[in-house]
There are 2 protein chains.
Amino acid sequence: MARPPRFDISDLLDAAVRLAAEHGPPGVTMSAVAAAAGAPSGSLYHRFAGRSALLAEVWLRTVERFQEGYFAALESSPDPRAAGRAAARHVVAWTRAHPLEAGLLLYGAQDFGREDWAPEHRRRADEGNRRVGAATAKLADALGARDAQEAERVTLAVIDVPLSVVRRPLRAGTPLPAHAEELAERCTDALLSLRGDGASAT
Amino acid sequence: MARPPRFDISDLLDAAVRLAAEHGPPGVTMSAVAAAAGAPSGSLYHRFAGRSALLAEVWLRTVERFQEGYFAALESSPDPRAAGRAAARHVVAWTRAHPLEAGLLLYGAQDFGREDWAPEHRRRADEGNRRVGAATAKLADALGARDAQEAERVTLAVIDVPLSVVRRPLRAGTPLPAHAEELAERCTDALLSLRGDGASAT
DNA sequence: GGGCTTCTAGAGAGTTCTCTCTAATATTAT
DNA sequence: ATAATATTAGAGAGAACTCTCTAGAAGCCC
């Protein structure tokens, strides 16, 4: 029925990921993506409504790919501590397997022009955030968190700490150290084991 | 001997900080800064060699202002655990006192165009990194860290974890919760108290 | 006040990027 | 074959931005 595409969406998004990892979101210009993929600019505009749409798709595809395994890890065990450790390992392992895409996780949706996104893209982003919030809230509950501060510590433990472990190497472009998974797991576990009364300090 | 300036360097950098906090580094264009400060573009180019120079200065001034108090906190006590806790509190307190400038700390020098910087600006950035590295290495040593992983955990504890505590509110533009200092301090302390044998896991 | 210097002021050239538009091309269904 | 259609291909208009350049204004020192 029609001519087959020489550059499909995923080719173009792959090129955009490379550019974003190397030069940050501002490096993802339509002309740069076209050049990187070897495609004419017309093909880009045939696939994406405009630059905001491309930025939204590259960001959302990356986050959703990451979250897929992340949620699986968070639900991999009935023991919340074990689940948290698995989640921490997942963040590091996924970064090891997908270093370019992981580079994007260090940015926020705002850096990908969230304010210019179409409603549908915003909705997808909100949905992802909602799922993350729900998952960490459930974990916090299972761990017996009693107030906002304790819930926030759970979020810190299972999301922010693992991301911090990979941040420096990703920024510097150096490979992750061999023990990164172990480091993330143990730090996450340490925060999950804290309790509200502050009794753990020496 | 000469006409007094109507827009001095610090006025212009203040405007640049506002723009960077609101729209990220890409929002810091010469015309936007000029408009925000109410100055003509000529005045901007009179103070800064070009956009890269402006970006470098706004980044370096912010980081150096932050580090001033940060180093003081890190050396505020002979007890390394107490010093680490003070550093964690400092990050949160400084963010509370300077929310706009703190927003810039979530970015890296790369996002401010480091590759286009003049040698002198790079040197200043390297010097800051060097001091941070030296300070955390000293702390790790005082805590008895025996390998790279333990040293890395110290860095995570006194730098990345406190930054993670302020990251989400800064990105969302919401105020820090009242207990943020306490949260950061306790999480930092928990990581500093970990030891290499992994015996703390249940 | 005259001369010197620093700064403001803004017009405008040149560049880069986004996005549109038209024409050509390749493939499938009939 | 032929028609129908998705796609490539790239020229070019328009916008945004950086940076240069010239003219004049404002203070200080003699």
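Below, chains carry the letters A, B, ... as their sequence lines are ordered, and counting in each starts from 1. A quick note: this is a predicted structure, and the numbers were derived from the prediction, not measured.
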Quiz prompt | Residues Asp189(B) and Arg81(B) bridged, charged N to O under 4.0 Å | solution =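 Here Asp189(B) pairs with Arg81(B) in a salt bridge, since their nearest N and O are under 4.0 Å apart.
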Practice problem: In plain terms, say whether Asp160(A) and Arg168(B) are close enough for a salt bridge, that is, a side-chain N and a carboxylate O under 4.0 Å apart. | Solution: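 Judged by the 4.0 Å cut-off on N to carboxylate O distance, Asp160(A) and Arg168(B) do form a salt bridge.
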Give a yes/no answer on whether the side chain of [X] brings an N or O atom under 4.0 Å of OP1 or OP2 in [N].
X        : N       : result
Ser41(A) : dT18(C) : no
Ser43(A) : dA9(D)  : no
Arg6(A)  : dA9(D)  : yes
Arg47(B) : dC7(C)  : yes

Quiz prompt | Proximity to the side chain of Pro40(B) - top-ranked nucleotide from dT8(C), dC17(D), dT20(C) | solution =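 Ranking dT8(C), dC17(D), dT20(C) by closest atom to the Pro40(B) side chain puts dT8(C) first.
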Quiz prompt | Closest to side chain of Pro4(B), choosing from dA26(D), dC17(D), dC17(C) | solution =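 When the side chain of Pro4(B) is considered, dA26(D) is the closest of dA26(D), dC17(D), dC17(C).
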Mind calculating the distance between [atom1] ([X]) and [atom2] ([N]) to the nearest angstrom?
X        : N       : atom1 : atom2 : value
His23(A) : dT16(C) : NE2   : P     : 15 Å
Leu44(A) : dT7(D)  : CG    : P     : 14 Å
Tyr45(A) : dC19(C) : OH    : C1'   : 5 Å
His46(A) : dC19(C) : NE2   : P     : 17 Å
Phe48(A) : dT20(C) : CZ    : P     : 15 Å
Asp8(B)  : dT8(C)  : CG    : C1'   : 14 Å

Quiz prompt | Position toward the 5' end of DNA chain C (nearest nucleotide), Met30(A) or Gly42(A) | solution =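 It is Met30(A), whose closest nucleotide lies nearer the 5' terminus.
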Quiz prompt | Any donor-acceptor N/O pair, Arg51(B) side chain to Val28(B) backbone, under 3.5 Å | solution =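 A pair under 3.5 Å: yes.
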Quiz item: Centroid-to-centroid, Phe7(B) to His46(B), below 6.0 Å?
Solution: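 No, the ring of Phe7(B) stays outside the 6.0 Å limit from the ring of His46(B), centre to centre.
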Self-check item: base_contact_polar (dT18(D) base, Arg51(B) side chain, donor-acceptor, <3.5 Å)
Solution: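 By the distance-only test, no, there is no pair.
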Exercise. Give a yes or no on whether a donor-acceptor pair under 3.5 Å exists between the nucleobase atoms of dT7(D), that is its base, and the side chain of Arg3(A).
Key: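 Such a pair is found, so the answer is yes.
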Quiz prompt | Trace of the ring pair (Phe, Tyr, Trp, His ring centres under 6.0 Å) decision for His90(B) with Phe66(B) | solution = CA-CA 9 Å; His90(B) 173 74; Phe66(B) 164 75; 5.7 Å; yes
